[in-house]
4 protein chains.
Amino acid sequence: MRSESEPGGQQRSFIEEARRRQIIASAVEVISEVGYANASLARIAEHAGISKGVISYHFQGKDDLMTQLVIQLYVSAAEVVAPEVIAAVGARNRVLAYIESNLAFIDANRRYVAALTEVVRNLRDADGQLHFASSDESEILEPLVALLREGQLEGEFGEFDPVFMGKSIRDAIDGAGARVVRETDFDLRGYTAHTARLFDLATRKAEE
Amino acid sequence: MRSESEPGGQQRSFIEEARRRQIIASAVEVISEVGYANASLARIAEHAGISKGVISYHFQGKDDLMTQLVIQLYVSAAEVVAPEVIAAVGARNRVLAYIESNLAFIDANRRYVAALTEVVRNLRDADGQLHFASSDESEILEPLVALLREGQLEGEFGEFDPVFMGKSIRDAIDGAGARVVRETDFDLRGYTAHTARLFDLATRKAEE
Amino acid sequence: MRSESEPGGQQRSFIEEARRRQIIASAVEVISEVGYANASLARIAEHAGISKGVISYHFQGKDDLMTQLVIQLYVSAAEVVAPEVIAAVGARNRVLAYIESNLAFIDANRRYVAALTEVVRNLRDADGQLHFASSDESEILEPLVALLREGQLEGEFGEFDPVFMGKSIRDAIDGAGARVVRETDFDLRGYTAHTARLFDLATRKAEE
Amino acid sequence: MRSESEPGGQQRSFIEEARRRQIIASAVEVISEVGYANASLARIAEHAGISKGVISYHFQGKDDLMTQLVIQLYVSAAEVVAPEVIAAVGARNRVLAYIESNLAFIDANRRYVAALTEVVRNLRDADGQLHFASSDESEILEPLVALLREGQLEGEFGEFDPVFMGKSIRDAIDGAGARVVRETDFDLRGYTAHTARLFDLATRKAEE
DNA sequence: GATGAATGAGAGTTCATTCAT
DNA sequence: CATGAATGAACTCTCATTCAT
């Protein structure tokens, strides 16, 4: 019945918010275990120890639940990353803070990231199109690209296409997110240092 | 009834091979349009203009079809990449050839790559584990890591962890593969040059 | 979701128990009409005026439904036979009571017996083995054999192999159960008297 | 294409007859292993090392194959039993010969009997009726009942309903046939002696 | 005579969703 | 608020049968 923007303008009660979080948490665990395709509402409800109907009550449907899951995690990630980036001084340090805080977030939320990835890659609208399409990535990409452009204007960075570079950074981060799931013994700390160096070199000025 | 290597040692007839390729091609198109989860045998058959039973006749089941699809594409990719790498002189050129030929293959087989990615990320065994797990990536990763190590021994490359670097390269390639699907107007040529430069810089010796 | 003994220890609700009985009753009628092989869940559901999914909801699967059907009838039969046997005085009368009450039960539950027989003879496990194998017959046979042995020890019966005799009695009963289905005009009352006499003679002492 | 009575009056060629027997033999083995319901033409063909089409060529369809299987075995059984019965002197000896030769045939053809039983119990016409119904049993029962009646007229047997007695004997024989399949260690020799004694006693004159 | 290929119906099962209580 | 019950569609897979070669 209820949905994201709560059209009536009414706030969600505390108890309702708790239920929603509980259901999303259960969905995260189920998805990270059996994958998106096998994560049925029945399984999610069973895992949460509630009845199937509860999910239907708190979310408009399966797609809504999945969408909320993604949004919740994106917001959480932004809450971790943004302050780190802002706190850093200079474009180079900001970009490095962006990379490092993103990977730190992944490290601290492995299951969530696994579930998020599954949903983003699989959730589709009725017409078959991916629900989280490239247009959504822009929102994530843009601030990073802006950061890179800034560094170039300020003369801290060398010559490169800031959009391409932004995509490379995102692919490195998302790739690490996938590895964390696939490779149980993946050394994310070491990989973070490696990745920071990679893009540190890539953004330097040519000569000097 | 039939399976991958035809254990009886019998060869597959020409007509059967053609049918299998037709079915796999149909699966590729359907998957790249509606995604793995919505790519039912019924849809694949309908798209191919054949009856559902034909698929069951030529493949042991849906999982077999998907597995064959992946294998076929991996083999095709290797057939394109390997000669290019071998033809290149010196470790640096080899690595660059690896990156460039991989991305060129992706460019020339967008839909296939899209389908492959979907299958690899979603196909699971009866126990819920991903069928193409990280162990399978090793096979792909190892030759690349060997190339990087070689370059270090020969003094052409600087100091870096060759496994991390290999994973970075793979993530850049796989990330591009995903972009090609998501972003219809993705400039893969430009991205190739950018990526080549990225790893060219990353593998250089420190000073000089 | 649910199963025979409800392992969680939870009781089944009244309404659920009623549905289960309704479904089993429908299965009995369908099986006794078209046979086990043609008794699909679709037909059973249609006969009961419900949707196919309901069966899956109340039973783990077709095999579970069939198993429950058999168990329910075995229990019902035991509830009829046991008191009659216990009430009889002397081994001979007990054996005759066993035969007569078994056949009376068959007479009163012709369709159920028909269905039961079909299921027991056809239901197989995944490995192809009959689900109700000879080991299960032992449970049914043993009390009867014990009765026969008792009569021999007490001197009421003559010399014979009690296991063979038990099997003969069971075959006579089961044979009658099959006849009741095949021969619509089978005179079970008359056959009961005949069978009682048959085994009365067979268990007598040699001389007199 | 061809069928039982070969309407054109043409004889079947030797090679064709051999193929039919080979197919029936394969059907017998498959049925006795996996049961009637799981005995698909594909499995029967595979077991025989031939293609599915061959079966369709030599039999009108699956039902025809099954019918031929039953007929072939009934004929074989009659060929064993009839001479033994005829050779015996006196009604009592004839009935005992009937029982003993039937059980001996079962002993010597366990798998065939298993398959036969499966088919007779499961094969149904399009209208759902058993193909080998009670009317067919009459053909088998009648000669036996005639034997029993004869013995009564000649004064060798006592008072009993010869039809009931015939059915009891058939049930004992068919029951043994089923046991031979279910109980791998069933002592059919011992059971034969037991059964012969059972009906020897049952047919005796009252006093004396 | 025999084969491989194809069909189309029907099987059991799972699932998201709806609804009365 | 929450539940259990029910629906109906879609899924994969198996099968007997047909047919061109």
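For clarity, every value in this text was computed on a predicted model and none was experimentally measured. The basis for the numbers below is simple: all heavy atoms, side chains too, and nothing from hydrogens, waters or symmetry mates. Throughout, a chain's letter reflects where its sequence line sits, starting with A, and its residues are numbered from 1.
- You'll find the side chain of B:Tyr57 stays beyond 4.5 Å of the side chain of B:Arg19, heavy atoms only.
- Put simply, CD on B:Glu16 is 12 Å from C1' on E:dA6, counting in whole angstrom units.
- Looking at the side chain of C:Leu41, the nearest of the listed nucleotides E:dT13, E:dC15, F:dC11 is E:dT13.
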Query raised in the report: So what is the 5' to 3' dot-bracket string for DNA chain E, if pairs are Watson-Crick or G-U wobble with both distances under 3.5 Å, crossing pairs use [ ] and | means the partner sits on another strand?
Result: .||||||||||||||||||||
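- Remark on DNA chain F: of its neighbouring residues C:Val54 and B:Ala42, the 5'-side contact belongs to C:Val54, judged by nearest-heavy-atom nucleotide.
- Place B:Asp63 and A:Ile15 on DNA chain F by their nearest nucleotides, and A:Ile15 ends up nearer the 5' end.
- Proximity note for C:His58 (side chain, C-beta onward) versus F:dT3, F:dA6, F:dT12: the nearest is F:dA6.
- B:Phe59 does not carry B:Lys52 over the face of its six-membered ring by the limits of under 6.0 Å from the centre and within 45° of the normal.
- Here C:Arg43 does not reach the OP1 or OP2 of E:dA11: none of its side-chain N or O atoms lies under 4.0 Å away.
- Taking atom CD1 of B:Ile44 as the reference point, atom C1' of F:dC11 lies 12 Å away to the nearest angstrom.
- Nucleic acid contact class of B:Gly61 (heavy atoms, under 4.0 Å, all strands): sugar-phosphate only.
- When side chains are defined from C-beta on, C:Leu41 counts as touching C:Leu65, because their heavy atoms get closer than 4.5 Å.
- One finds no side-chain N or O of D:Ser51 lying less than 4.0 angstrom from the OP1 or OP2 phosphate oxygen of E:dA2.
- In terms of position along DNA chain E, the nucleotide closest to C:Asn38 lies nearer the 5' end than the nucleotide closest to the other residue of the pair C:Asn38 and A:Ala37.
- The line from CD of B:Glu33 to CD1 of B:Ile31 is 11.0 Å long, rounded to the nearest 0.5 Å.
- For E:dT13, the base has a donor-acceptor partner in the side chain of C:Lys52 [N/O atoms by modelled type, under 3.5 angstrom].
- Contact annotation: C:Tyr57 does not reach the phosphate of F:dA6 (side-chain N/O to OP1 or OP2, under 4.0 Å).
- Between D:Arg19 and E:dA2, a side-chain N or O to OP1/OP2 separation shorter than 4.0 Å is present.
- A heavy-atom distance below 4.5 Å is found between the side chains of B:Arg21 and B:Gln72.
- To the nearest 0.5 Å, atoms CD1 (C:Ile24) and CD1 (C:Ile55) are separated by 11.0 Å.
- The distance from atom CD1 of A:Ile23 to atom NE2 of A:His58, rounded to the nearest 0.5 Å, is 5.0 Å.
- For the pair C:Ser56 and E:dT13, the criterion of a side-chain N or O lying under 4.0 Å from OP1 or OP2 is not met.
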